[in-house]
Each structure stands twice: as structure tokens, then as C-alpha cells.
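Here the structure is a predicted model, which is why all the values come from computation and not from measurement. Just so you know, these numbers use all the heavy atoms, side chains as well, and skip hydrogens, waters and symmetry mates. Letters go in sequence order (proteins before strands), and every chain restarts at 1.
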Amino acid sequence: MMHWTILLAAEAAAEGGKGGLFDIDATLPLMAVQFLILVALLNILFYKPIGKAIDDRDTYIRTNQADAQERLSKAESLAKQYEQELMDSRRQAQALIAEAEADAQKIAAQKLAEAQQEAQVQREQVQRELDQQKQEAMQSLEQQVDALSRQILDKLLVA
Amino acid sequence: MTMLNALTLFHSLPLAELEVGKQFYWHFGNLELHGQVFLVSWFVIAVLLIASILATRNIQMVPAGTQNVMEYALEFIRDLAKNQIGEKEYRPWVPFIGTLFLFIFVSNWSGALVPWKLIHLPEGELAAPTSDINTTIALALLTSLAYFYAGFSKKGLGYFGNYVQPVSFMLPFKIIEDFTKPLSLSFRLFGNILADELVVGVLVLLVPLFIPLPVMALGLFTSAIQALIFATLAASYIGEAMEDHHGEGHEEH
């Protein structure tokens with residue numbers, strides 16, 4: 001293969017005086033210039049806009065991600081806070097309930113004591129009245145007995 | 001010479017023919033230009049420009065269609081440049097390296113995929129611009145200029161310090177390197193693409209149907225690889241020229 005190309009190239013060069021594989025001429029500098037122009041054009045048309053799009057997207061994603069991260073942590077802290085508050089209020093409610101129960105019990109006991117005392121007082125009063133009436137009755141009975149016995153005595157003495 | 005005779009025998013067959021080293025000359029004053037190279041390179045440039053315009057005509061946050069493809073290409077190029085030049089300084093070099101890659105890639109594939117043979121020129125034939133030595137030398141010399149520019153703009157005259165790093169007896173080798181770099185760049189690309197086209201041409205000449213297909217596929221592969229190699233080496237030369245030798249920045253390329 002190499003032989004062919006070299007032979008052919010040599011032959012072509014020998015035949016026409018010019019041409020061949022290693023024919024270096026003004027194509028070289030013009031190609032270089034053309035390539036540099038292509039670099040400049042592609043820089044404007046391709047690398048800058050597409051690179052900008054990629055970078056913009058990167059920053060967009062990065063900021064969004066940071067934002068989301070921040071929001072997530074905020075939400076987590078909020079949730080923690082709420083949980084704490086919930087626990088606090090539950091404890092408070094329990095304390096309140098306990099307090100109310102204790103109060104109620106105290107009031108009930110107090111009322112009960114009061115009622116018992118009143119009942120006692122009433123009973124005592126009734127007892128006293130009863131006693132008095134009994135005594136009065138006894139007294140009147142005694143008087144009657146006295147009177148009767150005197151009448152009996154009178155009758156006896158008269159007779 | 002029997003081979004040559006065989007070749008001339010094949011020339012008389014109507015199926016296919018092989019032309020090597022024949023140019024379609026244009027004359028400008030006393031300048032001579034290879035017309036076929038310019039014609040195809042204009043085609044390549046047009047393809048690139050049209051693709052760019054299509055991609056950037058309506059840029060959207062969520063890319064679709066051409067924009068997506070071109071964004072993929074740009075990210076590929078950026079990665080390439082970033083790997084070779086480094087995170088800090090790669091950005092200004094993306095257009096140069098990217099255009100090297102895109103131009104060579106589209107040139108190579110247009111040479112392999114577009115049936116240029118259907119267009120007849122008075123002399124010579126249309127082929128990939130990269131199969132002409134002028135193009136590859138132009139690109140290689142531009143690469144040399146680019147890395148000199150990179151080195152001098154970064155370090156000023158301190159760039160010559162690179163020539164005695166890491167030890168001073170490297171000086172002659174480093175100077176030779178400045179000549180071998182463009183030479184190897186240009187001949188590697190030129191040789192690969194021309195050889196690929198010739199292999200396909202010869203196979204088509206011998207067996208016109210089906211047999212050349214695997215070689216053509218292989219040619220597409222080599223073409224892509226050559227574009228990648230050229231761009232990677234250019235980026236690596238530029239990166240090397242800007243590399244800091246004072247720090248720990250020793251990277252093997």
C-alpha cells in the first residue's frame with residue numbers, strides 16, 4: 001500500500017512537474033486563515049451561546065437546589081418546632097386536667113363536709129328540740145301528777 | 001512496477017478508479033490552490049455553521065433536538081480541554097480545541113460518508129480535506145502557534161524555563177520536540193485519513209460490493225479517533241506549555 005502511494009506520488013510529481021501527495025502550496029496558509037475564521041465564527045455562533053446556556057442551566061440548577069435545601073431545612077426545623085409546641089401544649093393540657101380534677105375533688109370533699117356538718121347541726125337541733133319537748137312534757141306530766149296526787153290526798157283527807 | 005501495471009489495468013475497468021496525488025488546481029495570481037480541498041472544506045464549514053445556527057436559533061432551558069446534540073458536543077469538548085489544560089485555564093482554549101476537533105471530525109466523516117465521487121472534477125477528486133497534507137500542516141502549525149502563545153502569555157519569557165525542566169540536558173530534546181510536534185501531528189492525521197481512503201478505494205477497485213463495508217466502518221472509527229487524538233494532543237501541548245513547574249503540577253500526558 002505504502003509502496004503504491006509513494007510510487008504514485010513520485011510518478012505524479014515526475015510526470016506533471018507538480019502535484020503529488022506532498023504538494024505544499026498556497027493552500028496551507030489559506031487553510032490556516034480559513035480555519036481561524038471558522039474558530040471566530042463558531043466562537044460567536046456556537047461556543048458562546050451554547051456555553052452560556054449550559055452555564056446558565058448549571059447556575060439555575062445550583063441556586064434552585066440550594067434554595068430547595070434551605071427550604072427543606074427550614075421546613076424540618078419548623079416541623080420540629082411544631083412538634084415541640086405540640087408536646088408542650090399536650091403536657092400543659094394534662095397538667096390542666098389534673099389540676100381541674102384535683103380542684104373538683106377538693107370542692108366535692110368540701111361540699112360533702114359542709115353537708116355533713118349541716119346535717120349534724122340540724123340533727124343536733126332536732127335532738128335538742130326533742131329533748132326540750134320531752135322535758136316540757138315531763139314537766140307538765142309532773143304538774144298533772146302533782147295536782148292529781150294532791151286531789152287524791154284531799155279526797156283521802158276529806159274522807 | 002508490475003503493481004503499477006496492474007493498477008493501470010484496473011484503470012481501464014469502468015467500475016471504479018483510484019487517483020492519488022492529482023490536484024484540482026486553482027490559480028490566483030501566481031498562487032496555486034488545491035480546489036478540491038477548499039470545496040470540501042467549505043462544505044464542512046457550512047455543515048458546522050448550519051448546525052451551530054440550528055442549535056442556537058432558539059435556545060431553551062430544557063434542550064431538545066439540535067441544541068441537545070450540540071450541547072453534548074460542547075460538553076465533550078469542554079471535558080477534553082479541562083482534562084488536558086486544567087480547570088483554571090481551559091475556558092479560553094475551548095473554541096480553538098473544539099473547532100480543531102469538530103473540523104477534523106466532520107472533514108473525516110464527510111470524506112468517508114459523502115459520495116463525492118458522484119461530482120466530477122476536471123482533475124483530481126473530492127475527498128476529506130484532512131487527506132491533503134496542506135490542511136493537516138496548517139492545523140498542526142496553528143497548534144504550535146497556539147501553544148507558544150499560551151506559554152508566552154502565561155509566563156512571559158519565563159516560558160523558556162520549560163526547556164530546562166526538569167533537568168537542563170533536556171534542552172536539545174525539548175527544542176527538537178517543538179519541530180516534531182507539528183510534524184507528527186500533521187503526518188499522523190494526513191497518513192491515517194489518506195490511508196483509510198486509499199484502502200477503501202483499492203478494496204472497491206478489487207471487490208466493488210460488500211467486502212469494503214467492514215473496512216469503511218473501521219475507517220469511520222479511525223476517523224473519529226484521529227479527530228479525538230489531534231484535539232487531545234493539541235490541548236495537551238497547550239496545557240503543557242502553561243503548566244506550572246514550580247508546584248506539584250506534574251501530570252503525565
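Top candidate by heavy-atom pairs under 4.5 Å with chain A, chosen from B:Arg78, B:Gln60, B:Gln67, B:Arg91, is B:Arg78. The candidate with the highest count of non-hydrogen atom pairs below 4.5 Å against chain B, out of A:Val33, A:Leu42, A:Asn43, A:Leu41, is A:Leu42. The candidate from B:Ser52, B:Pro129, B:Ser131 with the greatest count of non-hydrogen atom pairs under 4.5 Å with chain A is B:Ser52. Ranked by heavy-atom pairs shorter than 4.5 Å toward chain B, the options A:Leu36, A:Ile37, A:Leu38 are led by A:Leu38.
Remark: B:Ile133 CD1 to A:Thr27 OG1 distance equals 12.0 Å, nearest 0.5 Å.
Chain B is approached within less than 4.5 Å, heavy atom to heavy atom, by no residue from residues 133-155 of chain A. The contact list for residues 44-51 of chain B toward chain A, using heavy atoms and a distance under 4.5 Å, reads B:Ile45, B:Leu48, B:Leu49 by residue number. Contact residues of residues 51-73 of chain A toward chain B are A:Gly51, A:Ala53, A:Ile54, A:Asp55, A:Arg57, A:Tyr60 (heavy-atom distance under 4.5 Å). Residue-level contacts of residues 76-105 of chain A with chain B do not occur; threshold 4.5 Å between heavy atoms.
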**Q.** Test log, rule side chain to side chain contact (heavy atoms under 4.5 Å, CB included), inputs B:Leu102 and A:Phe46
**A.** CA-CA 11 Å; B:Leu102 291 176; A:Phe46 172 44; 3.6 Å; yes
Q: Using the side chain to side chain contact (heavy atoms under 4.5 Å, CB included) rule, take A:Phe35 and B:Leu100 through it: C-alpha gap first, then chi angles, then the decisive distance, then the call.
A: CA-CA 8 Å; A:Phe35 180 79; B:Leu100 273 179; 3.6 Å; yes
Q: Would you check, one step at a time, whether the test side chain to side chain contact (heavy atoms under 4.5 Å, CB included) holds for B:Asn134 with A:Met31?
A: CA-CA 8 Å; B:Asn134 290 289; A:Met31 185 58 86; 5.8 Å; no
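With a 6.0 Å radius and a threshold of 12 heavy atoms from other residues, nucleotides or ligands, B:Phe221 has its CZ atom at or below the threshold.
B:Leu141 places a side-chain heavy atom less than 4.5 Å from the side chain of A:Leu28. The shortest side-chain heavy-atom distance between B:Ile59 and A:Pro49 falls under the 4.5 Å cut-off.
If you measure heavy-atom distances from B:Ile53 to chain A, the contacts under 4.5 Å come from the side chain alone. Using a 4.5 Å cut-off between heavy atoms, B:Leu139 contacts chain A through its side chain alone, with no backbone atom that close.
Minimum interatomic distance between B:Thr56 and A:Leu45 (heavy atoms only, all atoms of both residues): CG2-O, 3.1 Å. Contact detail for A:Ala32 and B:Ala138: the closest heavy-atom pair is N-CB, 3.8 Å.
A side-chain donor-acceptor contact under 3.5 Å links A:Tyr47 and B:Thr99.
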